[in-house]
Each structure stands twice: as C-alpha cells, then as structure tokens.
Amino acid sequence: MGTTMGELTTNDGVRLTYRDSGGDGVPLVMLHGWGQTQEMFRHQVTGLAPGRRVVTLDQRGHGISGKPHHGYRIARLARDVLGLVDHLGLDRFDALGWSMGVSVWWSFIDQWGTGRIRRFVAVDQPAAVAAVPWMSAEEQRDSGAIFDVSGLLELATGLAGPDGERVRQEFVRGMFSGSPDPGLLAFVAEQIRSTPAYAGVPLLFDHCAQDWRDVLPRVDVPTLVIACDGSHVDPASQRYVADRVPDARLHTFPTTVASSHFPFLENPAAFNAVVDAFLAEGLS
C-alpha cells in the first residue's frame, strides 16, 4: 500500500489534511512544530515507513489544512489529534512530536492519558518556553525558557505587524547555528508562510505560555528525548525533561551531526536510525 493523503473534519468543523503511509505494524503519528507543516517529516515518511505505518498531519492553521478564525490553543490542537487517531481507528500507536508538536502530545497525555500510546519520542521542546515572573531563576533555567514575557510580547507584536515577514525570517534563521544549507533554510522559511498571522500569533502565545513540568512525571510510557547541541533550544533543558519523565532516555546530536532545531531535515539518516532503534524495542 502506498502513501495516501486524507482529510477529516474536526468536531468544530475544521478540515485537516494528513498523510498515511499505510502498511502493517504499530503506527507512528508525527506532529510538526509551530508555523511548520507535515512536510518537515518528508524524509521520515520515506525513511521510516518501509518498516512501519507513518502518519503525519498538517495541524489547524498550518500547511494545507483549514485555517479557521478559531481554536488556536494547544489544548484544541490536542483535541484535533484525538480526532485524527479516532478517525484512523488507532487504538495503539507510537507518538513523535517535534517542538510545539511535543507540547501538543503533552496536552494529549494531560487530558486523555497514555493508554493508547506505546512509545513516545519528544524532539527539542522545553518544558516551559516563557520565563514567567513566578518561576525562580533556577526554574527558568532548568525548564529551558527561551523568552521572558516582554520578549514573547515583542515577538508576537512583530509577527502580527507590517514587518511580519522579516520577523518570521529572522525567527527561522535563529533556529540554525553556523552556516545552514541555503536550500534547507529556504525550505523551512517557505513552510512557515503557510500559517497566517491571525492563526500563528495567538497559537504561539498560547504555546509559549504553557508550563508542562507537572505533566512530565505522568508520561508513563517508554520515552526518548532528542536534543541538538546546535539548536536554539538549550540541550540542558532536554536533560531536564528526560530526568523527570520516568525511565526516559536522552539522545543528543552533536553539531557534527546536526546544527539546528531540525535534525530530521539536516541529517535524516542519523535521525531515522535513532528513532527506528528506539521504536523497534518491544516489538516481537
């Protein structure tokens, strides 16, 4: 069975587009990050699918899915994912999230538990993105906070303003260290254009305002946390996540392997090998 594109309509009337590689075995459901699309995982659909069923999704407001004027909250995106796995009849699946996609899975687990999730892969997402005033300096550092509140407001204002395109491009460039491949940088920058400001700005604000530290101890399935030394996300924050998820393990890509927030695009062979080995455990 070849890869197919499908659609579903959420319980609040939004059309979502997904890709399903088909095949047998435990499905792997992959969620992209803020402002990006399921095309982020183009190398995983081809590289991982021969041995398993891979499902990707354009979340609401992203890619070629519907872009309504409502529902741009992490909890709503998690409800959309519940609709997806119900639509596909997935009673048992592996889950992978990258960046904001990890937060969507944490929200899914917070609301519906882990009963349907066999294994979980969390790629490069801090436990809390915004350094809110009631967190101590140590808590802000440990959780991997990227912005303070004023910095978050400044970014959101810039993205929503007349100079939003420049702000988006600078935001994307900040996720790469060193000298990124121009084609890869252009690809990521192009994907982010699919999310309009009216969708992206409130979603980014809601995403960054979440604090998932209390959810981590309740992720009671085998978990792999993936960090990147060259990412704008501090690798120490990924150690923090791995230390608080029971029995989780951590894999950190050095800059010689990947130098950005996008290891699955920069070095798909290395990324796929790590994910494939982890997901293969426990299979007969």
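These numbers come from a predicted model, not from an experiment. Values below: every heavy atom of this structure, side chains too, minus hydrogens, waters and symmetry copies.
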Next item on the list: Return yes when atom CD of Glu154 has more than 12 non-hydrogen atoms of other residues, nucleotides or ligands closer than 6.0 Å, and no otherwise.
Entry: no
Item checked: Arg42 bridged to Glu39 by N-O distance under 4.0 Å -> no
Next item on the list: First locate atom CG of Leu57, then atom CZ of Arg19, and finally report the distance between them rounded to the nearest 0.5 Å.
Entry: 11.0 Å
Checklist line | salt bridge (Lys or Arg N to Asp or Glu O under 4.0 Å) partner of Asp94, the single match among Arg118, Arg52, Arg119 | finding: Arg118
Note to self: Suppose we screen for side-chain contact (heavy atoms from CB on, under 4.5 Å). Which residues come up paired with Asp247, at least two apart in sequence or across chains?
What the structure shows: none
Check: Within the side chain of Asp20, is there an N or O that forms a donor-acceptor pair under 3.5 Å with the backbone of Thr4?
Finding: no
Next item on the list: Check whether any side-chain heavy atom of Thr17 sits under 4.5 Å from a side-chain heavy atom of Gln38, and report yes or no.
Entry: yes
Next item on the list: Examine distances only and state if a side-chain atom of Thr195 and a backbone atom of Gly61 form a donor-acceptor pair shorter than 3.5 Å.
Entry: yes
Checklist line | Inter- and intrachain pairs under ring pair (Phe, Tyr, Trp, His ring centres under 6.0 Å), touching residues 173-210, at least two apart | finding: His69-Tyr198, Phe176-Phe262
Check: Would a 4.5 Å heavy-atom cut-off, applied to side chains only, mark Gln125 and Trp106 as touching?
Finding: yes
Next item on the list: Dump the intermediate steps for side-chain contact (heavy atoms from CB on, under 4.5 Å) on Val188 and Leu265, then the final yes or no.
Entry: CA-CA 10 Å; Val188 174; Leu265 287 173; 4.0 Å; yes
Item checked: ring pair (Phe, Tyr, Trp, His ring centres under 6.0 Å) partners of residues 45-64, not counting sequence neighbours, each pair once -> His32-His62
Margin query: Test side-chain contact (heavy atoms from CB on, under 4.5 Å) on Val275 and Val123; report intermediate values, then the result.
Written below: CA-CA 10 Å; Val275 172; Val123 184; 6.0 Å; no
Check: In Å, rounded to the nearest 0.5 Å, how long is the span from OG1 of Thr9 to CG of Leu16?
Finding: 8.0 Å
Next item on the list: Fit a plane to each ring of Trp105 and Phe120, take the angle between them on a 0 to 90° scale, and name the class: parallel (under 30°), tilted (30 to 60°) or perpendicular (over 60°).
Entry: perpendicular
Notebook entry, point to check: Can you name the closest pair of heavy atoms from Asp214 and Pro217 and give their distance?
Noted result: O-CD, 3.5 Å
Note to self: Are there over 12 heavy-atom neighbours, none belonging to Asp24, within less than 6.0 Å of that residue's CG?
What the structure shows: no
Item checked: CG-CG distance between Asp276 and Leu28, expressed to the nearest 0.5 angstrom -> 10.0 Å
Notebook entry, point to check: Do the side chains of Leu184 and Val172 join up, straight or via other hydrophobic residues, at under 4.5 Å, putting them in one cluster?
Noted result: yes
Check: Looking only at atom types and distance, does a side-chain atom of Gln191 sit under 3.5 Å from a main-chain N or O of Gln36, one as donor and one as acceptor?
Finding: no
Margin query: Is there a path of hydrophobic side-chain contacts, each under 4.5 Å between heavy atoms of I/L/V/M/F/W/Y residues, joining Val26 to Phe278?
Written below: no
Check: For Ser237, which residues count as a side chain to side chain donor-acceptor pair (under 3.5 Å) partner, sequence neighbours excluded?
Finding: none
Note to self: What I'd like to find out is whether the side chain of Arg173 reaches to under 4.5 Å of the side chain of Glu170, using heavy atoms alone.
What the structure shows: no
Margin query: To the nearest 0.5 Å, what is the distance between CG on Leu48 and CE on Met30?
Written below: 6.0 Å
Checklist line | Side-chain heavy atoms of Arg60 within contact of Tyr72, under 4.5 Å | finding: yes
Note to self: For Glu190, give me all partners under side-chain contact (heavy atoms from CB on, under 4.5 Å), at least two apart in sequence or on another chain.
What the structure shows: Arg193
Notebook entry, point to check: Do the non-hydrogen side-chain atoms of Val54 and Thr3 ever get within less than 4.5 Å of each other?
Noted result: no
Checklist line | Donor-acceptor pair, side chain of Arg168 and main chain of Asp163, under 3.5 angstrom | finding: no
Check: Which ring pair (Phe, Tyr, Trp, His ring centres under 6.0 Å) pairs, counting each pair once, include a residue from residues 228-260, with sequence neighbours left out?
Finding: His232-His261, His251-Phe253
Next item on the list: Taking the side chain as every heavy atom from C-beta outward, state whether Arg76 and Thr10 have any pair of such atoms under 4.5 Å apart.
Entry: yes
Check: Taking C-beta and beyond as the side chain, do Ile109 and Val221 meet within less than 4.5 Å on heavy atoms?
Finding: no
For residues 82-90, which side-chain N or O atoms pair as donor and acceptor with protein atoms under 3.5 Å away, sequence neighbours left out?
residue : atom : partner : partner atom : Å
Asp86   : OD1  : Arg116  : NH1          : 2.8
Asp86   : OD1  : Arg116  : NH2          : 3.0
His87   : NE2  : Tyr18   : OH           : 3.2

Note to self: For a quick test of reading the model, state the closest non-hydrogen atom pair linking Ser260 to Cys228 and the distance between them.
What the structure shows: O-CB, 3.4 Å
Margin query: Under 4.5 Å between side-chain heavy atoms, counting indirect links through other Ile/Leu/Val/Met/Phe/Trp/Tyr residues: same cluster for Leu77 and Ile64 or not?
Written below: no
Note to self: Between Gln238 (side chain only) and Thr252 (backbone N and O only), is there a donor and an acceptor less than 3.5 Å apart?
What the structure shows: no
Check: Among the clusters formed by ILVMFWY side chains lying less than 4.5 Å apart, do Met5 and Leu31 turn up in the same one?
Finding: no
Note to self: Under a 3.5 Å threshold, yes or no: a donor from one side chain and an acceptor from the other, between Ser103 and Gln210?
What the structure shows: no
Checklist line | Shortest non-hydrogen separation from Ala122 to Val102 and the atoms involved | finding: CB-CG1, 3.7 Å
Checklist line | Glu281, CD: over 12 other non-hydrogen atoms inside 6.0 angstrom | finding: yes
Item checked: Set of salt bridge (charged side-chain N to carboxylate O under 4.0 Å, His left out) partners for Asp148, sequence neighbours left out -> none
Next item on the list: Side-chain contact test, heavy atoms from C-beta onward, threshold under 4.5 Å: evaluate it for Val245 versus Val225 and give yes or no.
Entry: no
Margin query: Closer than 3.5 angstrom, by distance alone: can the side chain of Ser177 be matched with the main-chain N or O of Ser259 as a donor-acceptor pair?
Written below: yes
Checklist line | side-chain contact (heavy atoms from CB on, under 4.5 Å) between Phe108 and Ile117, worked out | finding: CA-CA 10 Å; Phe108 184 100; Ile117 299 174; 4.2 Å; yes
Next item on the list: Could you tell me which non-hydrogen atom of Gln59 sits nearest to which non-hydrogen atom of Gly101, and how far apart they are?
Entry: NE2-CA, 4.5 Å
Check: Taking only residues two or more places apart in sequence, or in another chain, which ones meet Pro235 in a side-chain contact (heavy atoms from CB on, under 4.5 Å)?
Finding: Ala227, Asp229
Check: With distance as the sole test, does Ser136 use its side chain to make a donor-acceptor pair with the main-chain N or O of Glu139 at under 3.5 Å?
Finding: yes
Item checked: For Asp220, salt bridge (charged side-chain N to carboxylate O under 4.0 Å, His left out) partners two or more places apart -> none
Item checked: Separation between CZ of Phe271 and CD of Glu266, rounded to the nearest 0.5 Å -> 12.0 Å
Check: Does the Asn267 side chain pair with the main chain of Ala258, one donor and one acceptor, at a distance under 3.5 Å?
Finding: no
Note to self: So, using salt bridge (charged side-chain N to carboxylate O under 4.0 Å, His left out) as the criterion, who are the partners of Glu7 when residues are at least two apart?
What the structure shows: Arg15
Checklist line | All pairs passing ring pair (Phe, Tyr, Trp, His ring centres under 6.0 Å) where residues 124-172 contributes a residue, at least two apart | finding: Trp34-Phe171
Margin query: Are Ile146 and Leu153 connected into the same hydrophobic cluster when the rule is that any two of I, L, V, M, F, W, Y join if their side-chain heavy atoms are below 4.5 Å apart?
Written below: yes
Item checked: Pairwise distance CG(Leu216) to OG1(Thr223) - rounded to 0.5 angstrom -> 9.5 Å
Notebook entry, point to check: Does Ser65 use its side chain to pair, donor to acceptor, with the backbone of Asp58 at less than 3.5 Å?
Noted result: yes
